[in-house]
Amino acid sequence: MRKRTHPKGGNARPVRLLGDPVLRTECDPVRTFDASLERLVDDMFVTMYEEDGAGLAANQIGVGLRLFVYDCEDDRGRRNIGHVANPVLVAADGEQLIESEGCLSVPGMRFETPRYAHAVVEGVDMKGKPVRVEGTGYFARCLQHECGHLDGGVYIDVLSGDARREAMRAIRALQR
């Protein structure tokens, strides 16, 4: 796969790792739609691409705002690229699929994670204009994952049973 780049530039920022309190804190709404927000979106895209991610929430780079960026394919192979400020997950439905999922804030680990096959997110863009993003397949997974971050969660929170025990053992082993 060719290296993805952000045409507007921006600066990569360090990704916060599991254990950083910012990842467990609910994010504040975006209230100011100005050039600094545009720079933040640019920086988030650059960071996501450098880390080879499909999505990135603002708190993953230490900014406690309800904002995420994404670049991932849906179940029809269509590439979806964009950002959403103040997102609300208004639908997560359809078949529940259990597939391997990872997170830039939990590097090197992937776990079988249940997510719905369809998701709809509503919010605004960096100019404050309403947006509605609908995704299926991997893109639906991405939308659910990023909205979870903004509520102070990480993907291991949706695991249960053996998958959760395996994840917790692996994370504890890394922390030794």
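Fair warning: this is a prediction, and the values are worked out from it, not measured in the lab.
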Could you give the distance from [atom1] ([X]) to [atom2] ([Y]), rounded to the nearest 0.5 Å?
{"X": "Glu51", "Y": "Ile61", "atom1": "CD", "atom2": "CD1", "answer": "11.0 Å"}
{"X": "Asp20", "Y": "Gln60", "atom1": "CG", "atom2": "CD", "answer": "11.0 Å"}
{"X": "Arg164", "Y": "Thr113", "atom1": "CZ", "atom2": "OG1", "answer": "11.0 Å"}
{"X": "Tyr155", "Y": "Gln144", "atom1": "OH", "atom2": "CD", "answer": "15.0 Å"}
{"X": "Phe33", "Y": "Asp125", "atom1": "CZ", "atom2": "CG", "answer": "8.0 Å"}
{"X": "Asn11", "Y": "Leu40", "atom1": "CG", "atom2": "CG", "answer": "11.5 Å"}

Looking at every heavy atom in both [X] and [Y], which two are closest together, and how far apart are they?
{"X": "Ala12", "Y": "Glu50", "result": "CB-OE1, 3.5 Å"}
{"X": "Leu17", "Y": "Pro107", "result": "CD2-CD, 3.7 Å"}
{"X": "Leu65", "Y": "Pro29", "result": "CD2-O, 3.8 Å"}
{"X": "Ala140", "Y": "Gly135", "result": "CB-O, 3.3 Å"}
{"X": "Pro87", "Y": "Leu67", "result": "CD-N, 4.4 Å"}
{"X": "Ala58", "Y": "Leu150", "result": "N-CD2, 4.3 Å"}

Exercise. Using atom types as modelled and distance alone, determine if a side-chain donor or acceptor of Glu122 lies under 3.5 Å from a backbone N or O of Val88.
Key: no
Quiz item: Are the side chain of Arg141 and the backbone N or O of Leu97 linked by a donor-acceptor pair below 3.5 Å?
Solution: yes
State plainly whether one hydrophobic cluster holds both [X] and [Y], where clusters connect Ile, Leu, Val, Met, Phe, Trp and Tyr through side-chain heavy atoms under 4.5 angstrom apart.
{"X": "Val121", "Y": "Val131", "result": "yes"}
{"X": "Tyr49", "Y": "Tyr70", "result": "no"}
{"X": "Val41", "Y": "Val15", "result": "yes"}
{"X": "Val124", "Y": "Ile81", "result": "yes"}
{"X": "Val84", "Y": "Met126", "result": "no"}

Quiz item: Any Lys/Arg nitrogen of Arg78 or Asp74 sitting under 4.0 Å from an Asp/Glu carboxylate oxygen of the other?
Solution: yes
Self-check item: Residues Asp162, Arg165: salt bridge by 4.0 Å N-O rule
Solution: yes
Self-check item: Derivation and outcome, side-chain contact (heavy atoms from CB on, under 4.5 Å), residues Glu134 and His118
Solution: CA-CA 8 Å; Glu134 186 168 356; His118 174 256; 2.6 Å; yes
Quiz prompt | Candidate list Asn59, Asn86, Asp151, test side chain to side chain donor-acceptor pair (under 3.5 Å), partner Arg66, passing option | solution = Asp151
Quiz prompt | Polar contact flag, side-chain donor to acceptor under 3.5 angstrom, Ser100-Arg110 | solution = yes
Quiz item: Going by atom types alone, do Ser36 and Asp34 pair a side-chain donor with an acceptor below 3.5 Å?
Solution: yes
Self-check item: From CA spacing to verdict: side-chain contact (heavy atoms from CB on, under 4.5 Å), Val158, Arg115
Solution: CA-CA 9 Å; Val158 302; Arg115 297 284 186 188; 4.2 Å; yes
Practice problem: Give me the one residue out of Val46, Leu56, Val63 that meets side-chain contact (heavy atoms from CB on, under 4.5 Å) with Arg13. | Solution: Val63
Quiz item: Under the side-chain contact (heavy atoms from CB on, under 4.5 Å) criterion, do Val106 and Glu101 qualify, and how do the steps go?
Solution: CA-CA 11 Å; Val106 189; Glu101 187 171 321; over 6 Å; no
Practice problem: Could you walk me through whether Leu104 and Thr47 pass side-chain contact (heavy atoms from CB on, under 4.5 Å), step by step? | Solution: CA-CA 10 Å; Leu104 298 178; Thr47 303; over 6 Å; no
Quiz prompt | Pairwise side-chain contact, Leu18 with Ile156, heavy-atom cut-off 4.5 Å (strictly under) | solution = yes
Practice problem: Measure the shortest side-chain to side-chain distance between Arg24 and Asp157 over non-hydrogen atoms and say whether it is less than 4.5 angstrom. | Solution: yes
Quiz item: Are there more than 12 heavy atoms of other residues, nucleotides or ligands under 6.0 Å from atom OH of Tyr116?
Solution: no
Quiz item: Does a sphere of radius 6.0 Å around CZ in Arg31 hold more than 12 heavy atoms from other residues, nucleotides or ligands, not counting ones at 6.0 Å or beyond?
Solution: no
